[in-house]
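So the structure is just underneath, and the comments pick up after that.
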Amino acid sequence: MSFTTPPRPFDITALFPQLAPLARTATRLHPRPGSPTVHDSSVGGPLLWPADEPWPHCEEPHNSRVAPVVHSPDDVRLFRHGRAAAAERLRLDPEAPWWTPEERATWERLAGRPWFDGPIPLLPVAQLYARDVSFPCPPDADLLQVLWCPFDHEMAHPRTALFWRSSATVTDVLDAPPEPPIVQLDCYLPEPCLFSPEQVTEYPNPRELSKELRDQLDDMSRWETIDPARYNTYAYDPGELYLNNLSTAPGWKTGGWTRWDPTDPIDRPCPECGTEEVPLLTIASSEWDGGSETWIPEEERTNPTPVPLGTQAGDFTEIGIAGGYNLQLHVCPVSPDHPHIALV
């Protein structure tokens, strides 16, 4: 189904015309559980990968001390299937047991896998066709494939790899790509989802604005034309109103502005040519949170998409980044083939 972002609570450019030239288009991807094929744009789905092209592996060392208990991807899938069965059982009978004896025996049998030392096959994270989603790509490419190593490296998130290709040149598709024998965390295995792309307008994070404009946004008198009753519905102060509801959209998206939630903005020079890199893809832990509920799609308000037992509302991909943050991939606007930058 398609998803529709509600209109923003206020027209911010009517109050602050200086923001109008800073508007950027972002594409909200709205991932929802599905059964993607190699010909679909998706999260965690199969990739249109050439049969004669070697599958990428992570050759870097992995630290067993940060993951005392590890599981295989099939273990994680079995856990998730069990949670779904438990949720349905409790929906039909609230007095039913949380786990059956058979399920508990299975969980105990899968208490952990032995550590694996060696190259780790990368996991598919996302596949984007240019026909479905707008994103910067090389002139001869119409397909972006994002994979990652399901272990933390120098930062507290998986190491990502980007592959650009022309879909028309892939005539023989790899049927059974290798999977990692173990993953560090369950939340590094994406749940297969399909996209429902929707374009929205974004404005910069307050910390990317000039001091003069930031001061104006914090000036309560500039907001006096808004009915206080409506204003108080969305925020306690102008900064919160702008940050959570009027600047950048939450969730999975391409393009737009960078979401600077935990840190101040930093320079993003291309490692190869020095050009400032731009947002390519946001890999989000959730589609919204308690501070960004005005972005919940209209359709989700009337007919919510179920989420797995034990996960929060809006967490459809079951990916978790650094305890609930986003992982934003940036690319060079001069050439997307240049090395990308990943920011939490």
### Message
Is there a side-chain contact between E198 and T27 in this structure, where contact means two heavy atoms from C-beta onward sitting under 4.5 Å apart?
### Response
no
### Task
Decide side-chain hydrogen bond (donor to acceptor under 3.5 Å, both in side chains) for Q18 and Q216; before the verdict, give the C-alpha distance in whole Å, the side-chain angles of both, and the deciding distance to 0.1 Å.
CA-CA 11 Å; Q18 310 95 307; Q216 292 178 13; 2.7 Å; yes
### Query
What pair of heavy atoms forms the shortest contact from L194 to S35, and how long is it?
CD1-N, 4.2 Å
### Message
Tell me every residue that passes side chain to side chain contact (heavy atoms under 4.5 Å, CB included) with R91, counting only those two or more places apart in sequence or in another chain.
### Response
E88
### Query
Considering only heavy atoms from C-beta outward, does the side chain of P6 approach that of R301 to under 4.5 Å?
yes
### Query
Does the side chain of W288 come within less than 4.5 Å of T294's, by heavy atoms?
no
#### Entry: Heavy-atom side-chain contact between L343 and I266 under 4.5 Å
yes
### Message
Going by salt bridge (Lys or Arg N to Asp or Glu O under 4.0 Å), name the pairs with one or both residues in residues 17-30, residues two or more places apart or in two chains.
### Response
none
### Note, L162 side chain near L280 side chain (heavy atom, < 4.5 Å)
yes
### Task
Inspect the surroundings of NE2 in H57 and state if more than 12 heavy atoms from other residues, nucleotides or ligands are less than 6.0 Å away.
yes
## Note on the structure
Distance col, row D74:CG vs L110:CG, nearest 0.5 angstrom, shows 10.0 Å
### Query
Do L90 and W98 have side chains that get closer than 4.5 Å, going by heavy atoms?
yes
### Query
Roughly how far apart are S247 OG and L19 CG, rounded to 0.5 Å?
10.0 Å
### Query
Does some side-chain heavy atom of S166 sit less than 4.5 Å from a side-chain heavy atom of T169?
yes
#### Entry: Over all atoms of both residues, closest heavy-atom pair of P36 and C193
CG-O, 4.1 Å
### Atom pair OG (S41) and CG (L128), whose distance is rounded to the nearest 0.5 Å
5.5 Å
## Note on the structure
For E179, the side chain to side chain donor-acceptor pair (under 3.5 Å) test, sequence neighbours excluded, returns R77
### Summary
Contacts of F151 meeting ring-ring contact (aromatic ring centres under 6.0 Å, His included) (sequence neighbours excluded), chain-then-number -> H62, W115
### Ring geometry between F3 and H30 (parallel below 30°, tilted from 30 to 60°, perpendicular above 60°)
tilted
In a table with atom names and distances, give each donor-acceptor pair under 3.5 Å that connects a side chain of residues 335-342 to protein atoms at least two apart or in another chain.
from : atom 1 : to   : atom 2 : distance (Å)
S335 : OG     : D337 : N      : 3.4
H338 : NE2    : E272 : OE2    : 3.3
H340 : NE2    : T160 : OG1    : 2.8

#### Entry: Lys/Arg-Asp/Glu bridge criterion (N-O < 4.0 Å) met for K211, D215
yes
### Query
Is the closest basic N to carboxylate O distance between D75 and R113 below 4.0 Å?
yes
### Task
Take the angle between the ring planes of H71 and F79 and call it parallel below 30°, perpendicular above 60°, tilted in between.
perpendicular
### Task
Apply the test side-chain hydrogen bond (donor to acceptor under 3.5 Å, both in side chains) to residues D40 and T37: give CA-CA distance (whole Å), side-chain angles for both, the deciding distance (0.1 Å), then the verdict.
CA-CA 5 Å; D40 293 314; T37 71; 3.1 Å; yes
### Query
So, E103 and R89, do they make that salt bridge, N to O below 4.0 Å?
yes
## Note on the structure
Here the gap from L209 atom CG to L22 atom CG, rounded to the nearest 0.5 Å, amounts to 6.5 Å
### Task
Under the side chain to side chain donor-acceptor pair (under 3.5 Å) rule, collect the residues that match up with R65, sequence neighbours excluded.
N63
## Note on the structure
Between A67 and Q184 the two heavy atoms that sit nearest each other are CB-CG, 3.7 Å
### Task
To the nearest 0.5 angstrom, please state how far the OG atom of S196 sits from the CD atom of E299.
9.0 Å
### Message
S64: which residues meet the side chain to side chain donor-acceptor pair (under 3.5 Å) condition with it, sequence neighbours left out?
### Response
none
### Query
Could you go step by step and tell me if V76 and V183 meet the side chain to side chain contact (heavy atoms under 4.5 Å, CB included) rule?
CA-CA 9 Å; V76 176; V183 297; 4.3 Å; yes
### Task
Rounded to the nearest 0.5 Å, what's the gap from OG on S167 to CG on D142? Could you check?
3.5 Å
### Query
Is a side-chain N or O of W55 found less than 3.5 angstrom from the main chain of L122, in a donor-acceptor match?
yes
### Message
Pair T282, L327 - check side chain to side chain contact (heavy atoms under 4.5 Å, CB included), show working.
### Response
CA-CA 6 Å; T282 298; L327 182 63; over 6 Å; no
### Task
Grab the two heavy atoms, one from T248 and one from R259, that are nearest each other, plus how far apart they are.
O-NH1, 2.9 Å
### Qualifying residues under ring-ring contact (aromatic ring centres under 6.0 Å, His included), relative to F163, sequence neighbours excluded
W49
### Task
For the pair R214 and E208, find out whether any cationic side-chain nitrogen is under 4.0 Å from an anionic carboxylate oxygen.
no
### Task
Mind running salt bridge (charged side-chain N to carboxylate O under 4.0 Å, His left out) on E318 and R83 for me, showing each step along the way?
CA-CA 13 Å; E318 300 212 35; R83 288 190 316 187; 2.4 Å; yes
### Task
Looking only at non-hydrogen atoms, find the nearest pair between R104 and W99 and report the distance.
NH2-CD1, 3.6 Å
### Task
Please identify each residue that fulfils side chain to side chain donor-acceptor pair (under 3.5 Å) with E276, with sequence neighbours left out.
R268
## Note on the structure
What one should report as the nearest heavy-atom pair of Y242 and P204 is OH-O, 2.7 Å
### Task
Indicate yes or no: at least one non-hydrogen side-chain atom of P31 is less than 4.5 angstrom from one of T317.
yes
### Task
Just grab all the salt bridge (Lys or Arg N to Asp or Glu O under 4.0 Å) pairs involving residues 161-177, residues at least two apart or on different chains.
E53-R165
### Query
Residues in salt bridge (Lys or Arg N to Asp or Glu O under 4.0 Å) with R32, at least two apart?
E300
### Listed partners of F16 passing ring-ring contact (aromatic ring centres under 6.0 Å, His included), at least two apart
W223
### Query
Going through the distances and angles, do V344 and N326 end up as a side chain to side chain contact (heavy atoms under 4.5 Å, CB included)?
CA-CA 6 Å; V344 173; N326 300 320; over 6 Å; no
### Query
Taking L123 as the fixed residue, which of L189, L147, V146 is the one that meets the side-chain contact (heavy atoms from CB on, under 4.5 Å) rule?
L189
### Task
Tell me, with the steps shown, if F316 and V43 meet side chain to side chain contact (heavy atoms under 4.5 Å, CB included).
CA-CA 10 Å; F316 304 108; V43 171; over 6 Å; no
